[in-house]
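In this text, all values refer to a predicted model and were calculated from it rather than measured experimentally.
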Amino acid sequence: MKIVKYAFSLCLLALAIYGCSKDDDNSNFVDDIAAPTNVSANVVVTQDNTGLVTITPLGEGVTIFRIGFGDQSDPVDNIQPGNSVSHTYEEGTYEATVTATGLNGLTTTIVQQIVVSFQAPENLMVTIENDTAISRQVNVTASADFAISYEVDFGEVGSSPIMANIDDTVSFQYEAAGTYTVTVTAFSAAIETTSYTEEFVVTEILQPLAAAPTPPNRQDSDVISMFSNAYELDVNVSSWRSDWSTSTLTDLQIAGDDTKFYADADFVGVEFYGDAAVDASQMDAFHLDFWSVNATTFRIKLVDLGGTATEAEIVFEDLPQNEWVSIDIPMSDFTDAGMTSINSIQQLIFSGIPVGTFDFFIDNVYFYRAPTTTAEGLEGTWRMAPEAGSLGVGPAVGDISWFSCDADCVTLRDCYFDDAYIFGSDGSFTNDLGAESWIEGWQGGGDSCGTPVAPHDGSNSATYTYDDVSGTVTLNGTGAFLGLAKANNQGELPNVAVPSSITYNVTFTGANSIDVYIESGAGVFWQYKMVRDAVDSNPLEGTWVMAPEAGSLGVGPAVGDTSWFACDADCVTLRDCYFDDTYVFGSDGSFSNNLGAESWIEGWQGGGDSCGTPVAPHDGSNAATYTYDDASGTVTIDGVGAYIGLAKANNQGELPNVAVPSSITYNVTFIDANTINVYVESGAGVFWQYKLVKQ
């Protein structure tokens, strides 16, 4: 599966960008390089009864090779990658060695058997098979007595034969399906060769073998789903193939997942009119999963018919074939392409090349946005608790008898215990591993500190959804993880595919400490203890409203006394236009009154003590800031017209009897993290009092 992001401008979240730098002369990274991998040798013998063999060493991460010939002769050192060595053997079987050395001196050695025979190959056995996962790919394996190598001519015009060691597999992907003459020739050191020829039918894989990737876990309010087993249906699509489409549509299941297949397409219209129209004005992006065996071009068009018809088309060229491709298009790309409205989308049109023979599958068609209802509690930066037993695995929650990281392990893995798991207040999630983390063998590391390996290096964007009721957190984003990268809901890497979403169980053991576990297989529980970094938090940051309850607004002769006036339950109902006003304290020190289209407008403002249009300067139109002093329990709002509670009450008195102030200071008391009592003395012994709750 590949992920295609059409525009790098897609900003689903307000993500922080982390950078790191090293001094130019710092070469510590060399210590993190693993030993060479995939070391092998290509062996070719001349067919002239001389025993002359050419050995080409191969490998990844290699600076130099050494070859031992296995016949008592001196080895050859300092062979550069890409170079070959020739050596003459007597007839016989030899075990040559290839030693590959990396940049930091680590080595990998393999043994290569070399058979030198002056007899022609005998008993040639050839296996020719269509690949079960890659369309039009054919795999050939050959074995023969006395042979050292073989060559395959796949019979496609313009292609060159491919040479391989005997018993190794050779693969070739054809341009088109059909019948081809495949010739396999086996070589020994003799002049004579042995050949095998077969008329072989190359087949096309015409549909996906696996279901489309499972979409991330998202809140219902953050998705407008048109077609997906993962989300509740939101759009009543009247036709997935309009009358004016040129294609055939088949609904089918692939690995139990509902999928749509369009064959012989020119263009396909999807219709959802009237009440089914999609308002995507609050969505960030459009998504679908796409699979095709022959598409060279794929186009996606949205059409808004709410007023003056407006549309825009996004074009994709050279998408990968024979695999699921996840396509995410920012809604801004449609508007940048000329779409003037996206609040009444009623048509979705697909088209592509080759025209008229364009075959494709789609799944998971939906609009989405960044999380908007992230539950509080996990925000901040977390790390593994640097103590024995904080990392472990066992057969049950609380049991880490199979493996437990002890005190020595914590010290050894210091590069891991400083990794940061960052939960943003905007729903973003980041793995910040720094220059080093603990890299396991399945990642190509040496179970030691090393350079983080993609996709588990924090390089992909990710989000999270925390459900404090069920005690779970879901990370959405390929490569995002808690604790260990390998443990996920499907099993353990590399035995399963890298998931795009992982759900963990979370239990708070303190305000800044949690226990986390994940069952990565039946009765296999990976368990982590994590602690939150201490921060200078601003508890006012966020969006607040008047508590919609009797007594939340009042005035009296003392704090706690609202005997002069208190807004009762009927008052709360009558002033619903006021109780939905929001007071927004930004993380950057900004403050804003968001009153919407209506608020409660008093007589001194020219209103009728009733709901009405907000009146300047108390309409949120002026910029404002705030300063919170937790020691004194005060917040100062700076900005003409900015206020909390009621616009008229300020430190100088009550409007209109005093000038509109440019600054007001309120006293604030926290009842809990999401509830505050606020008061301002607007005259000697006159205390206006408000109870606010955080949204």
Point to revise | Residue pairs passing the salt bridge (Lys or Arg N to Asp or Glu O under 4.0 Å) test where at least one lies in residues 235-245, sequence neighbours excluded | key: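 Checked against salt bridge (Lys or Arg N to Asp or Glu O under 4.0 Å) - neighbours excluded - no pair reaches residues 235-245.
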
Distance-only donor-acceptor check, side chains [X] and [Y], under 3.5 Å:
X	Y	value
Trp438	Gln443	no
Tyr504	Asn489	no
Glu317	Thr297	yes
Thr474	Thr465	no
Asn476	Ser501	yes
Thr430	Asp432	no
Ser470	Thr472	yes
Glu199	Thr179	no
Thr141	Thr169	yes
Asn139	Ser171	yes
Glu129	Thr127	no

Tell me, yes or no, whether the heavy-atom count around [X] atom [atom1], taken from other residues, nucleotides or ligands under 6.0 Å, exceeds 12.
X	atom1	value
Asp275	CG	no
Gln173	CD	yes
Glu175	CD	no

Results of side chain to side chain contact (heavy atoms under 4.5 Å, CB included) for [X] - residues two or more places apart only:
X	answer
Ala280	Val278, Met283, Met331, Ile345, Phe367
Glu492	Lys486, Ser520, Val524, Trp526
Gln490	Asn488, Val496, Pro499

Point to revise | ring-ring contact (aromatic ring centres under 6.0 Å, His included) between Phe227 and Trp240, intermediate numbers included | key: CA-CA 10 Å; Phe227 179 72; Trp240 279 96; 5.6 Å; yes

Review point. Are Arg218 and Tyr231 in a cation-pi setup, meaning NZ or CZ lies under 6.0 angstrom from the ring centre and within 45 degrees of the ring axis?
Key: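 Not satisfied by the 6.0 Å and 45° rule.
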
Check your understanding: Are the aromatic rings of Tyr174 and Phe172 close, with centres under 6.0 Å apart?
Key ->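 Ring centres of Phe172 and Tyr174 closer than 6.0 Å.
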
Check your understanding: Are Tyr180 and Phe200 near enough that their ring centres are under 6.0 Å apart?
Key ->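 No - the distance between ring centres of Tyr180 and Phe200 does not fall below the 6.0 Å cut-off.
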
Check your understanding: Do the rings of His456 and Phe481 sit parallel, tilted or perpendicular, given the 30° and 60° boundaries?
Key ->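 Judged by the thresholds at 30° and 60°, the geometry between His456 and Phe481 is perpendicular.
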
[X] side chain near [Y] side chain, heavy-atom distance below 4.5 Å:
X	Y	value
Asp419	Asn431	no
Phe429	Thr463	no
Val516	Ile518	no
Val498	Pro455	yes
Gln695	Thr582	yes
Thr37	Val39	no

Review point. Does the pair Phe286 and Ile314 meet the rule for a side-chain contact (heavy atoms from CB on, under 4.5 Å), with working shown?
Key: CA-CA 11 Å; Phe286 173 78; Ile314 307 301; over 6 Å; no

Without placing hydrogens or testing angles, list every side-chain donor-acceptor pair under 3.5 Å for residues 350-365, not counting sequence neighbours.
from   : atom 1 : to     : atom 2 : distance (Å)
Ser351 : OG     : Arg299 : NH1    : 3.1
Asp359 : OD1    : Asp264 : N      : 2.7
Asn364 : OD1    : Ser228 : OG     : 2.7
Asn364 : ND2    : Pro213 : O      : 3.1
Asn364 : ND2    : Asp289 : OD2    : 2.8

Exercise for review: Could I get the full list of side chain to side chain donor-acceptor pair (under 3.5 Å) partners for Glu60, not counting sequence neighbours?
Suggested key: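 Once residues adjacent in sequence are excluded, the partners of Glu60 under the side chain to side chain donor-acceptor pair (under 3.5 Å) criterion are Asn38.
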
Practice item. Taking Glu198 for its side chain and Ile128 for its backbone only, find out whether a donor-acceptor pair lies under 3.5 Å. Key: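 Side chain of Glu198 to backbone of Ile128, a donor-acceptor pair under 3.5 Å: no, none is there.
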
